[in-house]
Amino acid sequence: MKPQVLKGFRDYPPVEQIAREKMLGIARNTAELMGFLPLQTPSLECASTLLGSHYNEDSLNELFGFNGPDNVDMALRYEFTVSLARYIASNPVLPLPFRRYQYGNVWRVDKPGPGRFREFMQFDIDIVGTRNLLADSEIIATMVTMFNRLGVDNFKVRYSNRKILNGLIEFAGIENETGPNVMRVIDKLEKQGKEAVLAELGPGRTDRSGDKIPGLQLSDQQISQIEHFLDLPSDNDSAQLDSARSLLGNIEMSRTGLDELETIGRYLDEIRVNRDHVGIDLTIVRGLGYYTGAVFETTLHDLSDYGSMFSGGRYDNLVSRFQGTAVPGVGASIGIDRLLAALIELEAIKQIRSTSQVLVTVMDRERIPDYLNIVAELRESGICSEIYSGDSGNLTKQIKYADKVGISFAVIAGSDEFNQGKITVKNLEAGRSKAEETDSRKEWLKAEDVQETIERAVLCDYIRSKLHSDG
RNA sequence: GCCGGGGUAGCUCAGUUGGUUAGAGCGCCUGAUUGUGGAUCAGGAGGUCGGCAGUUCGACCCUGCCCUCCGGUACCA
């Protein structure tokens with residue numbers, strides 16, 4: 001049968017997975033540096049837990065659900081927030097606020113697109129059980145710290161507050177149930193442009209492929225009020241606050257949102273977040289319906305077409321489904337694979353093909369015990385290494401293998417070396433650069449520095465020093 | 001979901017206005033070199049032309065349906 005992977009799923013080859021693990025390690029360390037606790041929850045949850053009040057045919061089709069063992073309806077999680085809510089509801093003695101991070105795969109039955117899959121990894125940080133804006137500020141500070149530690153410099157976390165726009169919607173006389181749709185449409189501003197957004201607020205539009213997109217049918221006056229808001233100056237934070245206040249200052253809800261933005265900004269200064277990396281952007285709304293306060297997105301200036309790398313916001317009705325009383329929270333989520341693609345593109349992360357640094361070749365099968373001893377010694381001294389474990393092969397084949405999989409050093413020992421208590425170490429990296437200098441095979445094979453025969457006793461020290469000098 | 005474009009060797013693609021034996025580059029394997037990678041040279045393997053059905057004396061090519069990939073767009077708890 002033909003080997004195939006499921007639509008929307010993919011393999012992560014070693015070269016990618018090595019980089020991914022490295023990046024995840026940095027993300028985990030940063031989360032713990034900022035005082036978040038690790039939590040893992042099951043991949044499968046009860047269908048009723050995941051869907052709650054949204055349980056209907058449409059939502060059921062959007063996740064991987066089935067009737068499982070013991071006749072239980074279950075589904076793969078599509079995010080972590082519901083599981084977090086369930087965890088909190090079922091652990092009433094949990095000290096609040098609860099600061100947790102969680103990462104892992106989630107699954108959605110979306111149409112796969114560029115960089116978009118049905119199984120993908122997310123990394124979430126949340127602080128639940130508090131309305132204090134210190135929590136919002138901590139989430140943003142963590143986002144900034146994480147990017148810094150990932151080696152990214154040219155980025156910005158932009159934030160706003162849903163209350164500002166909610167106030168405007170109320171003021172413009174837009175019906176409550178249309179509110180979320182307005183948010184959803186404004187969220188397209190960056191991708192589709194202002195004209196498309198205004199058209200969708202009104203009569204609708206036709207997209208590039210000729211498909212019709214229905215509009216929200218707002219009145220011209222309502223649309224122009226929203227347009228006015230979107231046109232507010234966007235340079236510095238205080239200018240944005242001032243102009244928004246003069247436009248919406250007499251709407252109480254908007255005023256509250258603006259005050260909150262100001263407070264968060266102050267906290268961010270005091271917690272020493274670099275001002276270059278955070279800023280207010282009143283056009284940030286986020287498409288999802290459940291945000292109630294702060295909302296934020298992170299873009300890389302060098303890769304703005306990649307979209308937001310890390311985004312989230314405040315939700316104040318998290319756990320009500322499970323225990324009646326709402327638990328407020330604020331959090332953010334990274335799309336790990338999108339970020340990895342970006343880090344590779346920016347060369348912020350090195351692509352390494354092999355975990356082994358040394359291949360111990362097997363030249364003489366009678367000497368296998370000696371070769372095994374050499375690998376053991378290398379490993380004991382902390383050098384990642386492997387013995388050539390192929391079925392057969394002359395030295396050519398073994399060196400070729402090391403070259404192809406990207407191992408830097410080959411240890412070679414035959415009777416010449418064993419009789420003299422020596423060992424030969426070939427530097428494949430050095431050989432790679434030498435190859436560019438000459439076309440003559442003989443010359444290349446003889447090149448200095450590519451290979452050295454040393455005392456057997458100093459093998460580990462020798463390789464360690466070489467690894468160091470290579471960086 | 002909707003609109004559009006593709007599927008020919010492991011990869012990137014050429015090709016045939018329907019005709020006998022389907023090609024290239026790269027990659028892969030073997031050897032020159034069984035104690036040494038790259039380059040070079042010599043040789044070699046690899047294809048039900050996405051699937052099924054139809055039209056035809058004859059289909060990789062035409063028609064229909066399906067699968068799948070790509071681009072756009074919608075929805076997204």
Side-chain angles (χ1 to χ4, degrees), chain A residues 2-8 10 45 47-56 58-63 65 75 77-83 85 106-116 118 180-181 184-185 187-188 191-192 196 200 204-215 286-291 315 317-318 321 359 361-365 388 392-418 424-447 450-451 453:
Chain A
K2 218 178 189 174
Q4 64 177 113
V5 286
L6 290 167
K7 177 181 178 162
R10 55 168 307 204
E45 296 270 7
S48 57
T49 298
L50 287 175
L51 292 168
S53 62
H54 298 281
Y55 190 91
N56 61 49
D58 278 352
S59 54
L60 195 61
N61 288 336
E62 285 167 20
L63 44 78
R77 64 187 176 206
Y78 56 85
E79 53 142 51
F80 298 129
T81 314
V82 174
S83 299
V106 299
W107 296 265
R108 296 183 193 177
V109 189
D110 287 332
K111 189 197 111 173
R116 197 173 181 191
R118 286 179 163 181
N181 287 330
R184 207 192 67 233
V185 171
D187 189 47
K188 300 181 186 182
K191 202 176 170 195
Q192 305 293 345
E200 268 190 65
R205 68 186 172 96
T206 307
D207 76 18
R208 230 185 304 172
S209 67
D211 199 16
K212 292 218 166 101
I213 298 162
R286 306 249 68 224
L288 299 185
Y290 55 71
Y291 292 118
Y315 43 84
N317 308 304
L318 177 62
R321 183 192 308 173
L359 174 77
T361 58
V362 176
M363 194 183 298
D364 179 354
R365 299 190 85 76
Y388 181 77
S392 67
N394 50 38
L395 198 52
T396 304
K397 245 189 176 166
Q398 301 187 35
I399 300 285
K400 269 189 176 172
Y401 164 81
D403 186 41
K404 268 186 241 173
V405 301
I407 296 175
S408 303
F409 293 91
V411 166
I412 301 167
S415 51
D416 291 356
E417 283 87 353
F418 284 117
T424 297
V425 178
K426 186 178 180 72
N427 186 336
L428 296 162
E429 285 298 337
R432 275 175 203 127
S433 29
K434 275 279 189 303
E436 290 166 16
E437 294 167 19
T438 177
D439 282 347
S440 153
R441 182 178 176 78
K442 272 183 192 165
E443 209 176 294
W444 179 60
L445 289 177
K446 278 184 191 163
V450 169
Q451 166 170 335
T453 299

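Naming: A, B, ... by sequence-line order, numbering from 1 per chain.
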Does [N] have a Watson-Crick or wobble mate here (both distances under 3.5 Å), and if so which one?
| N | answer |
| --- | --- |
| B/rG54 | B/rC62 |
| B/rC13 | B/rG23 |
| B/rU34 | none |
| B/rC28 | B/rG44 |
| B/rG4 | B/rC70 |
| B/rC76 | none |

Starting at atom [atom1] of [X], determine the distance to atom [atom2] of [N], rounded to an integer number of angstrom.
| X | N | atom1 | atom2 | result |
| --- | --- | --- | --- | --- |
| A/Tyr388 | B/rG35 | OH | P | 14 Å |
| A/Asp403 | B/rG38 | CG | P | 6 Å |
| A/Glu429 | B/rG38 | CD | C1' | 13 Å |
| A/Asp364 | B/rU34 | CG | C1' | 13 Å |
| A/Arg432 | B/rG37 | CZ | P | 13 Å |
| A/Tyr401 | B/rC29 | OH | P | 14 Å |
| A/Phe418 | B/rG35 | CZ | P | 14 Å |
| A/Arg108 | B/rC76 | CZ | C1' | 7 Å |

Can you tell me which nucleotide in [options] comes closest to the side chain of [X]?
| X | options | value |
| --- | --- | --- |
| A/Lys426 | B/rA74, B/rU36, B/rG35 | B/rU36 |
| A/Arg205 | B/rA74, B/rG35, B/rC76 | B/rA74 |
| A/Lys188 | B/rA77, B/rA74, B/rG37 | B/rA74 |
| A/Ile399 | B/rG35, B/rU36, B/rU73 | B/rU36 |
| A/Lys404 | B/rC29, B/rA74, B/rG37 | B/rC29 |
| A/Leu63 | B/rG38, B/rA77, B/rC76 | B/rA77 |
| A/Arg184 | B/rU36, B/rU73, B/rC76 | B/rC76 |
| A/Met363 | B/rG38, B/rG35, B/rU73 | B/rG35 |
| A/Arg441 | B/rU33, B/rA74, B/rU30 | B/rU33 |

Interatomic distance at [atom1], [N] relative to [M], whole Å:
| N | M | atom1 | result |
| --- | --- | --- | --- |
| B/rG44 | B/rG37 | P | 24 Å |
| B/rC3 | B/rU21 | C1' | 42 Å |
| B/rG27 | B/rC66 | P | 41 Å |
| B/rG58 | B/rG18 | P | 16 Å |
| B/rG46 | B/rA32 | C1' | 24 Å |
| B/rC60 | B/rG54 | P | 14 Å |
| B/rC75 | B/rA14 | C1' | 41 Å |
| B/rC13 | B/rU63 | P | 23 Å |

> A/Glu200 or A/Thr453: which one's nearest nucleotide on RNA chain B is closer to the 5' end?
Replying inline: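 Closest to the 5' end, via its nearest nucleotide, is A/Thr453.
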
Are [X] and [Y] close enough that some pair of their side-chain heavy atoms sits under 4.5 Å apart?
| X | Y | value |
| --- | --- | --- |
| A/Tyr78 | A/Leu50 | yes |
| A/Ile412 | A/Ile399 | yes |
| A/Phe80 | A/Val106 | yes |
| A/Leu63 | A/Leu51 | yes |
| A/Arg77 | A/Trp107 | yes |

> Is A/Thr49 touching bases, backbone alone, or none of the nucleic acid, heavy atoms closer than 4.0 Å?
Replying inline: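 Contact class for A/Thr49: none.
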
> When we call it a touch if two heavy atoms are under 4.0 Å apart, what does A/Glu417 touch: a base, just sugar-phosphate, or nothing?
Replying inline: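 Answer is base: heavy atoms of A/Glu417 come under 4.0 Å of a base.
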
>> Using a 5.5 Å cut-off between ring centres and planes within 30 degrees, is A/Tyr290 stacked on the base of B/rA77?
In response: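 The ring of A/Tyr290 is not stacked on B/rA77.
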
> Taking the side chain from A/Thr361 and the backbone from A/Val411, do they hold a donor-acceptor pair closer than 3.5 Å?
Replying inline: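 Such a contact is found between A/Thr361 side chain and A/Val411 backbone.
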
>> Assess the residue pair A/Thr49 and A/Val82 against the criterion (side-chain contact (heavy atoms from CB on, under 4.5 Å)); give the C-alpha distance rounded to whole Å, side-chain angles, the decisive distance to 0.1 Å, and a yes or no.
In response: CA-CA 7 Å; A/Thr49 298; A/Val82 174; 3.9 Å; yes

> Can you check whether A/Lys397 has a side-chain N or O nearer than 4.0 Å to OP1 or OP2 of B/rU33?
Replying inline: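 It does not, given that no N or O in the side chain of A/Lys397 lies less than 4.0 Å from OP1 or OP2 of B/rU33.
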
> Is A/Glu200 salt-bridged to A/Arg205, cutoff N-O under 4.0 Å?
Replying inline: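 Yes, A/Glu200 and A/Arg205 are salt-bridged.
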
> For the base of B/rU73, is there a side-chain donor-acceptor partner from A/Gln192 under 3.5 Å away?
Replying inline: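 Under the 3.5 Å cut-off, the side chain and the base do not form any donor-acceptor pair.
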
